[in-house]
Amino acid sequence: MRSSVGLKRLGYRVAFRLLQLRWAVQRPVSVGVKCLITRGDRVLLVRHTYGARVWDLPGGTSKRGEDPLVTARREMEEELGLGDADWQLHGELRGTIYRRRDEIQVVHAELASPALRVDPVEIESAAWFPRDRLPLWVSPFVGPVLAGDLRVRGLGAGGGVGPPPTTLR
């Protein structure tokens with residue numbers, strides 16, 4: 001089982017690098033969700049097994065024409081076993097990361113229990129953090145979502161995860 005997880009993680013990393021090449025050439029628009037999952041004053045952050053490996057809000061890419069709430073249920077069931085949470089639309093973010101233009105719907109769920117069923121292939125770590133004591137290395141999405149600034153443009157540098165956004169709309 002352990003070697004199977006390792007091989008699958010390697011597959012995710014290779015696929016992510018190939019996607020980065022595609023994004024550099026085609027500059028596509030990616031439509032997806034980021035999930036703000038809270039429990040009182042705590043927020044759930046994850047570290048993926050691919051990409052920049054910073055703490056981030058969980059989320060995923062929408063299928064063509066898929067409703068953001070459906071995307072959130074599907075992705076959170078796969079990654080964290082939370083598909084049946086009460087998801088609510090929370091806002092929208094737009095920006096460029098990894099030379100890909102992101103159009104992200106932010107959805108929110110307040111959980112009564114901290115219990116998760118973490119997919120070890122896609123998620124390296126998942127942890128609850130007090131909003132005022134976040135880890136040092138977070139993605140550029142975390143700050144604007146927690147601050148409620150969901151009209152932000154210019155999320156990070158074009159080449160990868162960058163500093164917090166500075167251009168507000």
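Since we're looking at a predicted model, the values are computed, not measured.
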J.: Using the side chain to side chain contact (heavy atoms under 4.5 Å, CB included) rule, take Asp56 and Lys34 through it: C-alpha gap first, then chi angles, then the decisive distance, then the call.
T.: CA-CA 9 Å; Asp56 196 3; Lys34 285 290 182 185; 2.7 Å; yes
J.: Please answer: with hydrophobic residues joined when any side-chain heavy atoms are less than 4.5 Å apart, are Tyr50 and Ile123 in the same cluster?
T.: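 Unlinked, Tyr50 and Ile123 end up in two clusters.
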J.: Can a donor-acceptor pair be found, under 3.5 Å and without considering hydrogens, that links the side chain of Ser62 to the backbone of Pro68?
T.: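 Side chain of Ser62 to backbone of Pro68: no pair is present.
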J.: So which heavy atom on Arg53 is nearest to which on His48, and how close?
T.: CD-O, 3.1 Å
J.: Could you measure the distance from the CG atom of Leu45 to the OG atom of Ser139? Nearest 0.5 Å is fine.
T.: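 So the gap between those two atoms works out to 8.0 Å.
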J.: Assigning hydrophobic clusters by single linkage (Ile, Leu, Val, Met, Phe, Trp, Tyr; side-chain heavy-atom cutoff under 4.5 Å), is Trp137 placed with Trp128?
T.: no
J.: So, is the end of the Arg47 side chain (NZ or CZ) under 6.0 Å from the ring centre of Trp55 and within 45° of the ring's axis?
T.: yes
J.: Do Phe141 and Leu134 belong to the same hydrophobic cluster, where Ile, Leu, Val, Met, Phe, Trp and Tyr are linked whenever their side-chain heavy atoms lie under 4.5 Å apart, directly or via other members?
T.: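 In one cluster: yes.
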J.: With a 4.5 Å limit on heavy-atom distance, are the side chains of Thr71 and Glu66 in contact?
T.: yes
J.: Can you check whether Arg74 reaches Lys63 side chain to side chain, under 4.5 Å on heavy atoms?
T.: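 Yes, their side chains come closer than 4.5 Å.
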J.: Is there a chain of hydrophobic side chains (I, L, V, M, F, W, Y, each step under 4.5 Å between heavy atoms) that links Val142 to Val145?
T.: yes
J.: Looking only at heavy atoms, which two atoms of Cys35 and Trp87 are closest? And how far apart?
T.: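 Reported closest heavy-atom pair: CB-CZ3, 3.8 Å.
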J.: Just so I know, are the side chains of Met76 and Ile37 near enough to count as touching, which here means a heavy-atom distance under 4.5 Å?
T.: yes
J.: When you check the gap from the basic side-chain N to the acidic O, do Glu110 and Arg39 get nearer than 4.0 Å?
T.: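 Here Glu110 does not pair with Arg39 in a salt bridge, since their nearest N and O are not under 4.0 Å apart.
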J.: Considering all heavy atoms of both residues, which atom of Thr49 and which atom of Pro120 are nearest to each other, and what is their separation?
T.: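 Shortest heavy-atom contact: CG2-O, 4.0 Å.
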J.: May I have the step-by-step check of side chain to side chain contact (heavy atoms under 4.5 Å, CB included) for Glu77 and Arg117, ending in yes or no?
T.: CA-CA 9 Å; Glu77 181 60 31; Arg117 189 183 71 241; 2.8 Å; yes
J.: Which pair of heavy atoms, one from Asp119 and one from Val121, lies closest together, and at what distance?
T.: OD1-N, 3.0 Å
J.: Sort out for me which residue in Leu36, Leu80, Thr38 forms a side-chain contact (heavy atoms from CB on, under 4.5 Å) with Leu44.
T.: Leu80
J.: Taking NZ, NE, NH1 and NH2 as the nitrogens, is one of them in Arg73 or Asp84 under 4.0 Å from a carboxylate oxygen of the other?
T.: no
J.: For Val31 and Thr61, what are the C-alpha separation, side-chain angles and deciding distance, and is it a side chain to side chain contact (heavy atoms under 4.5 Å, CB included)?
T.: CA-CA 6 Å; Val31 177; Thr61 303; over 6 Å; no
J.: Taking a hydrophobic cluster as the set of Ile, Leu, Val, Met, Phe, Trp and Tyr residues connected by side-chain heavy atoms closer than 4.5 Å, whether directly or through intermediates, do Val138 and Leu146 fall within one such cluster?
T.: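 Yes, because Val138 and Leu146 connect within a single hydrophobic cluster, where side-chain heavy atoms sit under 4.5 Å apart.
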J.: List the atom of Val46, the atom of Leu57, and the distance in Å for their closest heavy-atom pair.
T.: CG2-C, 4.3 Å
J.: Please report the interatomic distance CG(Asp67) to CG(Leu89), rounded to the nearest 0.5 Å.
T.: 7.0 Å
J.: Measure across Val33 and Ile104 and return the closest heavy-atom pair with its distance rounded to 0.1 Å.
T.: C-CG2, 3.8 Å
